[in-house]
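Order of the sequence lines sets the chain letters (A, B, ...), proteins ahead of strands, with each chain counted from 1.
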Amino acid sequence: MEYNFREIEARWREEWHKRKTYRTGIDAARPKFYVLDMFPYPSGAGLHVGHPLGYIASDIYARYKRLCGFNVLHPMGYDAFGLPAEQYAIQTGQHPAVTTEQNIARYREQLNKLGFSYDPEREINTSDPSYYKWTQWAFLRMFGSFYCRRENRARPIEELVAAFERSGTSEVDAACTVPLDFTAAQWAAKSPHEKDAVLHNYRLAFRADTMVNWCEALGTVLANDEVVNGLSERGGHPVMQRKMTQWQLRVTAYAQRLLEGLDTLQWSESLKEIQRNWIGRSEGAQMFFAVEGSSEKLEIFTTRPDTIFGAAFMVLAPEHEAVMALATPDRLRAVEEYIAQAKKRSERERMADARTVSGVFTGAYALNPFNGARIPIWISDYVLAGYGTGAIMAVPAHDSRDWAFARHFDLPIVPVVEGADVSQASHDAKEGRMINSDFIDGLDVKDAICVMLDAVEERGIGRRRVNYRLRDAIFSRQRYWGEPFPIYYKDGIAMPLRDDQLPLTLPRIDDFRPTEQGEPPLARAKGWHTPEGYPYETSTMPGFAGSSAYYLRYMDPHNDRALVGREADEYWRAVDLYVGGIEHATGHLVYSRFWNKFLYDIGAVVEAEPLRKLVNQGMIQGRSSFVYRIVGTNTFVSHGLREGYETQPLHVDVGLVRNDMLDIEGFKAWRPEFADAEFILEDGRYVCGWAVEKMSKSMFNVVNPDRIVEDYGADTLRMYEMFLGPLEQSKPWDTNGIDGVHKFLRRFWRMAGSIGGAPISDEQPTPAELKTLHKTIKKVREDIGNFSFNTAVSALMICLNELGDCRKRAILDPLTRLLHPFAPHITEEVWAKALGHCEPLYDARMPEFDPAYLVEASFEYPVSVNGKLRFKKELPLGIPVSEIEAAVLADENTARWLEGRAPKKMIVVPGKIINIVI
RNA sequence: GCGGACAUGGCGUAAUUGGUAGCCGCGCCAGACUUAGGAUCUGGUGCCGAGAGGCGUGGGGGUUCGAGUCCCUUUGUCCGCACCA
């Protein structure tokens, strides 16, 4: 009987649904295992063949863990808020809630066809009020908290207020936007608005003026990770720097813990490194420079306090607030012009000419705090307002950017580290001996830094300081399709809703554009205010809000009293395996860790780092096909014959190409312009060219998984996606190879599944069959453990090759279990129908190894003579070296290779190699 | 510019982690069967050479009895960060 995958797969989809096979609950008797995928944003385009790669890998792992006896939580849901649905709504008038619901239905159907073992009752949707209630709830907790540096955790804001009332800022050490200093009396004297502003300076979710990435085309601000090369990640629109009042999350308060936590995670080193760079910790000194003729001090940050005697000039960012006050009257106009020009330039323009040196002198001078030397103060956009203090001391001899600036404006370049020719380039390395540097002359750079840090603190010039590149996350978006803030405004003060007022649901509106006054679309909603008439916040939360704690919600998705109940949290605790793309390295994976650390601080969850192991699947690229049209004609020449013609390559839909051969009739029907196309064939066929490109509609290289499932079945698709190459590697999709995997499943079916062939026998397997089986079990278990699914699939194929035709239960039973994670439908069918098991395969345990057949029981020693490998000698494991030597010398092969000569020595590495030197 | 990863047949890849390079699959070649197909099965397939044999893991050098694997150097590809003081 043929392998009818359509019928088999439909049947088991139905059975799993009916039996609620993958329903998961707390089971204290079994160890738990939590396997999670990064949930998708349900875009209108549906899935292409690249999307399920990670889902297939995680499902294989989840099923494997179940077979090993674990209680596996393996859920799926939808990250449903987001910009594309809203953009689509603006264009078509279709409400995002409607399109999102349609898209989710489509995704669910597509995923369901792939045989994933998700618990359908745990599906979540971030745009569902019962879900975003808890996003709002977490936001309110952050709003009501500050970060106590002394306890190194978040504390209720009421404690801070109490401290202010008691003693002002004197006993407070808290993360803040701007350091403040006031007494209890001064606090008491503040107006409600002033007190509110002070508290926002400390809240973990707060409103403040800040430089933001403003995207005019999208009409919203964007977070740093949503801006790529000065363009918006979504849509690629230009992004400007602009000062605006925005909600923010004080992620910087957690910078150090986010950094340290990385060491406890089983993530790839490269991903950890990306996060370390993103957090960007640097140690140095904060120093104050007096300004000539002014009582104001200029505050700078440097990692190289040792080079202060080489400070030739100071540079301020154009946005620095002291700039206008510093500029002397004769320089004022030049300074103003420069600032105006800098403001006009978009982030992208600024980056584009990063190498062009520009700046103006302010006319003012700072004084070197060590020797009183006059140092001219300049402004330039190579100094960023957002990092450090927005001001630097420039040491052109030892910083390449300062060097370029000094060269351009002909400023002095004084070396303070020995052995550098600073006329050609700066000497940036932190090595060498100090010169021209007063009391630190002769010291090594590293020692000089330490001595200088002490000197700076002793003399009251400044203090040691750690700076982070990480910025606070801008948390409001001027959009409609996101979580509403549970905030209303009373006399201009942001007030939180009470927990029992949650969720604050998103009102229906039908025009999604900003208002004429430039307010967000929510300002159009009628009745968008509290019952008392106080207006609600009109911004909504950004995409990462809903995805920051979703893994917790899966543990307890229907709980309406807590984000996650205590019992569920303590049982499931953390995600044991998280699979997703590397593109979330600096976005979701930073925000999630921050969010969770906060929840941990307030006692809402029990784990500080809940994403224990992370595997990044590679991207599936497209494999585009080309036809070659002879220029000026409608004639197409086959790939191998195009030399000698002037041709223009045209993308052709990969659906019209099979094994690189063009379906000519299909091609003619594809586009009216090709209806009368003519072809120059090679060997009677039209061969297409190909190239690896991003999988996208415009390249006509999108492969839809539905079609693969239709043609080959889900089991084939699953195995082939794994077979394509290492999970973590990017690789192009190429349908060409899929027959090999499909053939394998057909052979398995013929061997184990088909009814009507030879009966399944209870005969004892031969030692060779058993050895093959156990070798395969060992290999597949190891490979799944290492996420090396491609080699696991190979091992299964080899197993069938070696077994030939074997209808023995003792072989087929374990083999079916072993194959099940990869090809769940066919194995269920074989298990129940051909092997006649009554209990579900789902509950079956993996067979234990039979030690008698372990491959390690013996070892094939490679024997080399004078370094040339000659043969392999199979010997039992664990015998002493002397016996190995004797056995090898007695071997007839040895005699042959020695050719009568006596061995000078033997090198025996137990379990490795035997070398004879003659 | 800085940081990271990678480089193996016509193609995707594998290599007991320092031990006979090329497993498995695609493609290709030959054969069988055939209702002629983009089905199935069997065998072959790194390169050069008629053969013996030689050469082969981007290039060059090194360590080692032995290197795809380790070290140095160089070239190329991909990714991340990019005036971060």
Using a heavy-atom cut-off of 4.0 Å across all strands, would you classify Pro726(A) as base, sugar-phosphate, or nothing? sugar-phosphate

Looking at Glu2(A) and Arg746(A), is there a salt bridge between them, counting it only when a charged N and a carboxylate O are closer than 4.0 Å? no

Distance check, C1' atoms only: U73(B) and G54(B), in whole angstrom units. 29 Å

Between G58(B) and G9(B), how far is it from one C1' atom to the other, in whole Å? 15 Å

Which part of the nucleic acid, if any, lies within contact of Asn790(A), taking any heavy atom under 4.0 Å across all strands shown: a base, the sugar-phosphate backbone alone, or nothing? sugar-phosphate

Please work out if Asn801(A) contacts a base, only the sugar-phosphate, or nothing of the nucleic acid, heavy-atom cut-off 4.0 Å. sugar-phosphate

Describe, in one word, how the ring planes of His742(A) and Tyr3(A) are oriented to each other, choosing from parallel (under 30°), tilted (30 to 60°) and perpendicular (over 60°). tilted

Touch class at under 4.0 angstrom, heavy-atom based, for Ser282(A) against every strand present: sugar-phosphate

Nearest to the side chain of Ser794(A) - C41(B), C24(B), A15(B)? C24(B)

Heavy-atom nearest nucleotide on RNA chain B taken for Pro732(A) and for Phe301(A); more 5' hit belongs to Pro732(A)

Any side-chain N or O of Lys778(A) less than 4.0 Å from the OP1 or OP2 oxygen of U16(B)? no

Give the rounded distance in Å between these two atoms: CD1 of Ile274(A) and C1' of C81(B). 9 Å

Could you tell me whether Asn736(A) contacts a base, only the sugar-phosphate backbone, or nothing, with contacts defined as non-hydrogen atoms closer than 4.0 Å? sugar-phosphate

To the nearest angstrom, the OH-C1' distance between Tyr387(A) and C81(B) comes to 14 Å

Separation between the C1' atoms of U8(B) and G46(B), rounded to whole Å: 10 Å

If I take atom CG in residue Asp306(A) and atom P in nucleotide A85(B), what distance separates them, rounded to the nearest angstrom? 14 Å

Between U42(B) atom P and Asp805(A) atom CG, what is the distance in whole Å? 10 Å

Starting the side chain at C-beta, find the nucleotide from A15(B), C81(B), U40(B) nearest to Trp278(A). C81(B)

Within the 4.0 Å heavy-atom criterion, would you say Glu269(A) contacts the bases, only the backbone, or no part of the nucleic acid? nothing

Checking one value: the base orientation of G9(B), syn if chi is within 90 degrees of 0, otherwise anti. syn

Quick one: classify the glycosidic conformation of U17(B) as syn or anti, with syn meaning within 90° of 0. syn

Quick one: salt bridge (charged side-chain N to carboxylate O under 4.0 Å, His left out) partners of Arg469(A), sequence neighbours excluded? none

If I take atom NZ in residue Lys272(A) and atom C1' in nucleotide G3(B), what distance separates them, rounded to the nearest angstrom? 17 Å

Ion pair Glu269(A)/Arg276(A), N-O distance below 4.0 Å: yes

What's the CG-P distance between Asn277(A) and G4(B), to the nearest Å? 10 Å

To the side chain of Arg746(A), which of A39(B), C83(B), A85(B) is closest? A39(B)

Distance, rounded to the nearest Å, where Trp403(A) contributes CH2 and C83(B) contributes P: 20 Å

Does A82(B) have its OP1 or OP2 closer than 4.0 Å to a side-chain nitrogen or oxygen of Arg469(A)? yes

Using atom OH of Tyr720(A) as one end and atom C1' of C11(B) as the other, report the distance to the nearest whole Å. 10 Å

Lys430(A) vs Ile449(A), test: side chain to side chain contact (heavy atoms under 4.5 Å, CB included). Steps then yes/no. CA-CA 10 Å; Lys430(A) 285 189 186 178; Ile449(A) 292 175; 4.3 Å; yes

Pick the C1' atom in A7(B) and in G68(B), then give their distance to the nearest Å. 10 Å

Within 6.0 angstrom of Gln341(A) CD, more than 12 heavy atoms from elsewhere: no

